[in-house]
A.B. asks: 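This structure is in structure tokens; I'll ask about it shortly.
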There are 2 protein chains.
Amino acid sequence: MGFIHIHILHHAKEEAIYGSWMLEELREHGYDISPGTLYPILHHMEVDGLLDKEEKNVNGKIRKYYRITTQGETILEEARTKAYELFKEIK
Amino acid sequence: MGFIHIHILHHAKEEAIYGSWMLEELREHGYDISPGTLYPILHHMEVDGLLDKEEKNVNGKIRKYYRITTQGETILEEARTKAYELFKEIK
DNA sequence: ATATCAATATCGATTTCCGATATTGATTGT
DNA sequence: ACAATCAATATCGGAAATCGATATTGATAT
């Protein structure tokens, strides 16, 4: 569970997200993640029951939207707490 | 530059640190880092000029203390700012 | 000398990540 | 109807990071 996972869960809780949007979001915060890293992570998190997938047709293209699950929210809270612990150490 | 690096720089700024102490410190915060990961990182950060090494005899054993360098402080500040950016996103 | 002990170092195996390229699939133009 | 288009997603071989079990170090005590 790295920073990327936490961010995915966080945004997937606020609204439905999709891959390339998430890539752009992370890039804006200085995190250049490769698509070859992100997409497998999204799949894995779906299989693990942290995300729900819904396919939507947007401008004639299929886009896969992910939303957080109840289990994902639990994991997010745990990860948030842990990240905060670490962060307050160094701030 | 992951979280581990930031923590190393942070603690090496406050006081001289050594490998196994750092391992314990991270473990207490739920980060189980392998010695096989940490020691090469310390060496690398020394070569990169972020840490200064000083060997000391403690209870008849040689211990290698690391302190942050001026360059390391610069890097730490940058990393701290970036980490804060990311953290305030998810808090 | 040699046994001891914590700390440090090593290295082959595993896992994770990169990034260039391929694939997908509904729409548009002809 | 069919090919071209385009953004989004998927793939996969290579590179890099990490693991963890084991080896090494070196001053001290016996």
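Values reported hereafter were calculated over all heavy atoms of this structure, with side chains retained and with hydrogens, waters and symmetry mates removed.
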A.B. asks: Hey, does the side chain of Tyr39(A) come within less than 4.0 Å of dA10(D)'s phosphate (OP1/OP2), counting only N and O?
C.D. replies: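 Looking at the OP1 and OP2 atoms of dA10(D), neither is under 4.0 Å from any side-chain N or O of Tyr39(A).
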A.B. asks: dA6(C) P sits how many Å from Arg63(B) CZ, rounded?
C.D. replies: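 Rounded to the whole Å, the gap is 11 Å.
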A.B. asks: Whole-Å distance between dT28(C) P and Asn57(A) CG?
C.D. replies: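 Taking atom P of dT28(C) as the reference, CG of Asn57(A) is at 11 Å.
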A.B. asks: May I ask you to verify if any side-chain N or O of Lys64(B) is less than 4.0 angstrom from the OP1 or OP2 atom of dA9(C)?
C.D. replies: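 Yes, because at least one side-chain N or O of Lys64(B) sits under 4.0 Å from OP1 or OP2 of dA9(C).
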A.B. asks: Out of dT8(C), dT9(D), dT27(C), which nucleotide sits closest to the side chain of Tyr18(B)?
C.D. replies: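 Taking heavy atoms from C-beta onward, the closest nucleotide is dT8(C).
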A.B. asks: If you check every side-chain atom of Pro35(A), which of dC19(D), dA10(D), dA27(D) has the closest atom?
C.D. replies: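 The listed nucleotide nearest to Pro35(A)'s side chain is dA10(D).
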A.B. asks: Nearest to the side chain of Ile62(A), which nucleotide is it out of dG25(C), dG26(D), dC18(C)?
C.D. replies: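 That would be dG25(C).
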A.B. asks: Provide, to the nearest angstrom, the distance between the CD1 atom belonging to Ile33(B) and the C1' atom belonging to dT18(D).
C.D. replies: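 Between C1' of dT18(D) and CD1 of Ile33(B): 9 Å.
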A.B. asks: Taking the side chain of Ser20(A) as its heavy atoms from C-beta onward, which of dA7(C), dA27(D), dT9(D) lies nearest to it?
C.D. replies: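 Output: dT9(D).
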A.B. asks: For the side chain of Ser34(B), starting at C-beta, report the closest nucleotide among dG20(D), dA8(D), dC5(C).
C.D. replies: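 For Ser34(B), the side-chain atoms sit closest to dG20(D).
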A.B. asks: In whole angstroms, how far is the P atom of dG19(C) from the CG atom of Asp32(A)?
C.D. replies: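 So the CG-P distance, Asp32(A) to dG19(C), works out to 9 Å.
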A.B. asks: Round to the nearest Å and state the distance from Leu38(B) atom CG to dT10(C) atom C1'.
C.D. replies: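 After rounding, the reported distance stands at 14 Å.
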A.B. asks: Less than 3.5 Å apart, any donor N or O on the side chain of Arg63(B) or Tyr65(B) sitting next to an acceptor on the other?
C.D. replies: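 Judged by distance alone, the side chains do pair up.
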A.B. asks: Counting side-chain heavy atoms from C-beta on, which of dA10(D), dA7(C), dC19(D) comes nearest to His43(A)?
C.D. replies: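 Out of dA10(D), dA7(C), dC19(D), the nucleotide with an atom closest to His43(A)'s side chain is dA10(D).
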A.B. asks: Could you state the atom-to-atom distance from CE of Met45(A) to C1' of dT9(D) in whole Å?
C.D. replies: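 From Met45(A) CE to dT9(D) C1': 17 Å.
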A.B. asks: Just how far, in rounded Å, is P of dT8(C) from NZ of Lys56(B)?
C.D. replies: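 After rounding, the reported distance stands at 13 Å.
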A.B. asks: Tell me the closest heavy-atom pair linking Ala12(B) and Leu51(B), and the distance in Å.
C.D. replies: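 Smallest interatomic distance, heavy atoms only, reads CB-CD2, 3.7 Å.
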A.B. asks: Atom CZ of residue position Arg80(B) - does it have more than 12 heavy atoms of other residues, nucleotides or ligands inside 6.0 Å?
C.D. replies: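 Enclosed: over 12 neighbouring heavy atoms sit under 6.0 Å from CZ of Arg80(B).
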A.B. asks: Are there over 12 heavy-atom neighbours, none belonging to His29(A), within less than 6.0 Å of that residue's NE2?
C.D. replies: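 Buried by this count: over 12 neighbours within 6.0 Å.
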A.B. asks: Contact class for Gly19(B) vs. all strands (heavy atom < 4.0 Å): base, sugar-phosphate, or nothing?
C.D. replies: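 Contact class for Gly19(B): sugar-phosphate only.
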A.B. asks: Give the rounded distance in Å between these two atoms: CG of Leu26(B) and C1' of dC19(D).
C.D. replies: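 Those two atoms, CG and C1', are 15 Å apart.
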A.B. asks: Taking only side-chain nitrogens and oxygens of Thr37(A), does any of them come within less than 4.0 Å of OP1 or OP2 of dT16(C)?
C.D. replies: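 Looking at the OP1 and OP2 atoms of dT16(C), neither is under 4.0 Å from any side-chain N or O of Thr37(A).
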A.B. asks: Rounded at 0.5 Å granularity, tell me how far NE2 in His10(A) sits from CD in Glu73(A).
C.D. replies: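 Separation between the atoms: 12.5 Å.
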